[in-house]
Amino acid sequence: MMSTEDQITAAMFDLLGAERPDELKTAKVAKLSGIRELYLGMTGDYDFHGGYNRERAQFAVTTDLPGVLKNALNKLIVMEWQKLGEAGYRWWEKVVKVEHFNSLHDITGVLVGEVTVLPTVAESHDYTSLPVTDSPEVGTFVKYGGYIGITLEMFERDETHKLRDYPRKLASAGLRRISSLVSSIFTDNAGVGPAMADTYNVFEAAHHVNLLTTALAGPAFELASAAIFNQSMLVGTGGTAPKLGLDGKYLLVPRALRLTGMRILYPTFERESNIFSDNMQRGQYGDVVTVPEWTDATDWALVADPMLAPGIIVGERFGLLPEIIIADNENNQALFMADEVRMKARQWVSVFVADYRPLHKSNVAG
């Protein structure tokens with residue numbers, strides 16, 4: 001048996017075009033004509049005073065209007081997040097490592113120094129301490145957010161389309177924020193990225209050995225990939241640094257270079273004058289990543305697999321998706337503040353470079 005609350009919730013999901021929860025997918029409910037009917041049925045506020053009239057409310061449920069709205073709007077956030085990902089705004093997920101944290105303290109010691117080799121332990125002798133050093137890089141959480149007011153006038157005018165669209169706008173804003181933060185690592189400070197704890201920018205030729213000025217082509221891709229492979233790993237004092245030993249995997253390009261990148265990594269055969277040769281640089285589909293925010297038509301970057309060598313960390317405190325919070329309830333004598341339901345979106349994220357070694361950039365003169 002479906003309770004009245006379940007029926008209203010299912011009808012609300014249908015009204016906004018959100019996918020119902022599994023437990024409500026089989027519920028047969030009457031369709032709501034719009035948000036006006038929902039508002040009047042749950043509040044009994046036929047005079048639109050912004051109050052709650054128990055005697056005139058038609059939908060007898062224990063959850064108030066904001067509670068019903070919250071679940072449906074959060075579902076729309078998830079749906080839009082997925083759609084935007086298919087459109088390319090989740091490109092950064094391939095090149096970063098996402099970490100969950102249980103507090104908003106600064107993130108430290110993400111990169112741990114490598115042990116070169118395990119030393120020999122003679123019979124009956126003590127083990128020696130291994131020289132391990134933490135990275136000095138620090139990530140700081142930043143809060144992003146804002147709210148959209150769903151006014152009494154919207155309910156009175158039955159502007160259901162706006163209520164459907166608002167969560168999509170919030171999802172888009174949250175996703176584009178993370179996209180912009182990761183993108184800016186490659187474009188800040190005229191393309192050399194933010195300064196690191198060693199005082200050098202992320203991309204630096206003499207000390208970090210990960211910055212070139214070569215236009216994107218097969219030989220340039222090989223040169224950048226070899227530079228990542230030959231990077232010396234972080235080791236403790238007294239250790240001998242081994243090579244990173246990983247090639248570049250993800251080729252980051254602006255839209256203007258996407259076809260160039262695809263011609264390098266995707267075809268099974270390269271065509272030259274009357275010659276077919278096996279493409280030795282062949283990658284997997286998806287290894288060419290278009291960065292929407294990049295406007296320079298010639299710059300490009302290469303990133304090693306972050307599952308093996310994380311360079312960029314995206315830390316999240318309450319999830320990557322914006323949280324949707326609906327303020328207060330109808331039981332005060334005004335429908336929230338200023339005669340509106342306030343729908344707030346909030347994100348706590350930290351985006352920073354933990355290690356420059358898996359990253360390479362080419363800033364090409366235009």
Side-chain angles (χ1 to χ4, degrees), residues 12-13 15-18 35 38-39 50 64-93 96 98-101 103-107 139-157 159-185 187-188 194 291-293 313-330 332 334-352:
M12 179 62 170
F13 272 73
L15 177 67
L16 296 182
I35 60 173
L38 176 72
Y39 174 78
D64 56 24
L65 177 59
V68 174
L69 281 173
K70 177 182 176 180
N71 293 334
L73 296 177
N74 271 305
K75 188 65 175 182
L76 285 174
I77 288 278
V78 174
M79 292 171 61
E80 188 66 14
W81 189 272
Q82 293 171 343
K83 290 179 181 178
L84 287 168
E86 295 171 359
Y89 267 93
R90 286 168 65 183
W91 63 272
W92 46 270
E93 290 182 341
V96 307
V98 177
E99 295 275 6
H100 172 72
F101 293 90
S103 77
L104 295 173
H105 292 299
D106 287 349
I107 305 167
T140 301
F141 277 103
V142 179
K143 179 170 63 174
Y144 302 97
Y147 78 88
I148 294 176
I150 306 170
T151 64
L152 278 178
E153 288 81 359
M154 280 182 58
F155 286 112
E156 200 280 333
R157 291 193 292 261
E159 294 177 327
T160 306
H161 63 286
K162 287 188 177 180
L163 191 56
R164 290 194 189 107
D165 199 44
Y166 284 166
R168 298 186 175 98
K169 298 295 185 183
L170 294 176
S172 175
L175 187 54
R176 289 171 187 261
R177 164 57 67 182
I178 299 178
S179 178
S180 175
L181 290 172
V182 178
S183 167
S184 66
I185 287 174
T187 57
D188 279 354
V291 183
E293 287 84 5
I313 302 297
V314 175
E316 54 84 6
R317 175 64 184 93
F318 299 103
L320 287 176
L321 278 70
E323 297 177 276
I324 293 294
I325 301 168
I326 307 293
D328 212 327
N329 60 61
E330 302 100 330
N332 52 24
L335 184 64
F336 313 110
M337 183 182 270
D339 286 340
E340 63 184 14
V341 177
R342 289 190 171 179
M343 179 171 58
K344 180 173 69 175
R346 181 178 66 189
Q347 278 180 308
W348 292 94
V349 294
S350 174
V351 177
F352 70 104

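Sequence positions, counted from 1, serve as the residue numbers for this chain.
No donor-acceptor distance shorter than 3.5 angstrom exists from the side chain of Ser350 to the backbone of Gly315, with no hydrogens or angles considered. Side-chain atoms of Ser180 never come within 3.5 Å of backbone atoms of Arg177 as a donor-acceptor pair (strictly under, hydrogens ignored). Here the side chain of Gln347 pairs a donor or acceptor atom with the backbone of Leu320 at under 3.5 angstrom. Between the Arg164 side chain and the Thr160 main chain, no donor and acceptor come within less than 3.5 Å of each other.
Considering only heavy atoms from C-beta on, Leu76 comes within 4.5 Å of Arg168 through its side chain. Using a 4.5 Å cut-off on side-chain heavy atoms (C-beta onward), Thr187 and Glu293 make no contact. Residues Ile313 and Val351 are not in side-chain contact: their nearest non-hydrogen atoms beyond the backbone lie 4.5 Å or more apart. The side-chain heavy atoms of Phe141 and Phe101, taken from C-beta on, include a pair separated by under 4.5 Å. Using a 4.5 Å heavy-atom cutoff, the side chains of Tyr166 and Leu16 are not in contact. Contact check for Val142 versus Trp348: no side-chain heavy atoms found under the 4.5 Å cut-off. The shortest distance between side-chain heavy atoms of Val314 and Val182 falls below 4.5 Å. Proximity of Arg90 to Ile178: side-chain heavy atoms (C-beta onward) are nowhere separated by under 4.5 Å.
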Would Ile185 and Trp92 satisfy side chain to side chain contact (heavy atoms under 4.5 Å, CB included), going step by step from the backbone distance to the final call? CA-CA 11 Å; Ile185 287 174; Trp92 46 270; over 6 Å; no

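Interatomic distance, Leu321 CG to Glu80 CD, rounded to the nearest 0.5 Å: 11.0 Å. Atom CD1 of Ile77 is separated from atom CG of Leu170 by 5.0 Å, given to the nearest 0.5 angstrom. Atoms OG and OH, on Ser179 and Tyr89 in that order, are 6.0 Å from each other to the nearest 0.5 Å.
Other residues, nucleotides and ligands contribute at most 12 non-hydrogen atoms within 6.0 Å of the NE2 atom of His105.
Nearest heavy atom pair, residue Gly174 against residue Trp81, reads C-CZ3, 4.1 Å.
With Phe318 as the aromatic partner, Arg346 meets the cation-pi criteria of under 6.0 angstrom to the ring centre and within 45 degrees of the ring axis.
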